[in-house]
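Report on the following structure.
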Amino acid sequence: RTLRAEVDRLIGAARWLAQEIDRGRGCHAALLQASVLQADVDAIAASLVDGHLRYCVTRAIGAGQTQDEIRALLAPLQSLLFTRR
């Protein structure tokens with residue numbers, strides 16, 4: 001699957017969850033769907049992290065960018081990994 005397909009799946013799952021909440025349906029299905037959404041978000045984030053490390057960070061190191069420039073590239077990863085609501 002492509003990253004775009006994963007995002008589309010996430011959007012579909014979120015819409016389904018919103019509809020279930022609007023309809024006042026049982027919490028069991030909504031909780032399961034929330035779990036699916038979390039797994040989808042985690043999969044998308046993992047894919048983005050992989051691409052960022054493989055291409056952006058690796059290229060910056062290979063190009064001889066400064067430590068500050070490389071740290072700036074790593075900042076979004078720290079935010080993703082260490083900032084959870």
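Along the sequence shown, residues carry numbers from 1. Atom set for the values below is all heavy atoms of this structure, side chains included, hydrogens, waters and symmetry mates excluded. Worth saying up front: this structure is predicted, and the values here are computed from it rather than measured.
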- Query: Should Leu53 and Thr58 be marked as a side chain to side chain contact (heavy atoms under 4.5 Å, CB included) after you check the CA-CA gap, both sets of side-chain angles, and the distance that decides it?
  - Reply: CA-CA 6 Å; Leu53 290 173; Thr58 302; 5.6 Å; no
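- In this view, Arg71 and Asp68 satisfy the salt bridge (Lys or Arg N to Asp or Glu O under 4.0 Å) rule, not counting sequence neighbours.
- Taken together through direct or relayed side-chain contacts under 4.5 Å among Ile, Leu, Val, Met, Phe, Trp and Tyr, Val41 and Val36 form parts of separate hydrophobic clusters.
- Side-chain atoms of Gln78 never come within 3.5 Å of backbone atoms of Ala75 as a donor-acceptor pair (strictly under, hydrogens ignored).
- Between Leu77 and Leu74, some side-chain heavy-atom pair lies under the 4.5 Å cut-off.
- Here the side chains of Gln65 and Ile61 are not in contact, with every heavy-atom distance at 4.5 Å or above.
- In this structure, SG on Cys27 lies 11.0 Å from CD1 on Ile21, to the nearest 0.5 angstrom.
- Of all non-hydrogen atoms in Ala45 and Leu80, the two that sit nearest each other are CB-CD2, 3.9 Å.
- Leu10 and Leu32 fall into different hydrophobic clusters, where Ile, Leu, Val, Met, Phe, Trp and Tyr residues are linked whenever their side-chain heavy atoms come under 4.5 Å apart, directly or through other members.
- Side chains of Arg15 and Ile11 form a contact here, defined as non-hydrogen atoms less than 4.5 Å apart.
- Within a 6.0 Å sphere centred on CZ of Arg54, heavy atoms belonging to other residues, nucleotides or ligands number 12 at most.
- How far CD1 of Ile44 is from CG of Leu3: 6.5 Å, rounded to the nearest 0.5 Å.
- Considering all non-hydrogen atoms of both residues, Ile70 and Ala60 come closest at CG1-CB, 4.2 Å.
- Considering CG of Leu17 and OG of Ser35, their distance stands at 11.5 Å, rounded to 0.5 Å.
- Asp40 and Ala13 make their closest contact through OD2-CB, 4.4 Å (heavy atoms, listed as atom of the first residue, atom of the second, distance).
- Every residue meeting the salt bridge (Lys or Arg N to Asp or Glu O under 4.0 Å) condition with Glu6, not counting sequence neighbours, appears here in chain and number order: Arg1.
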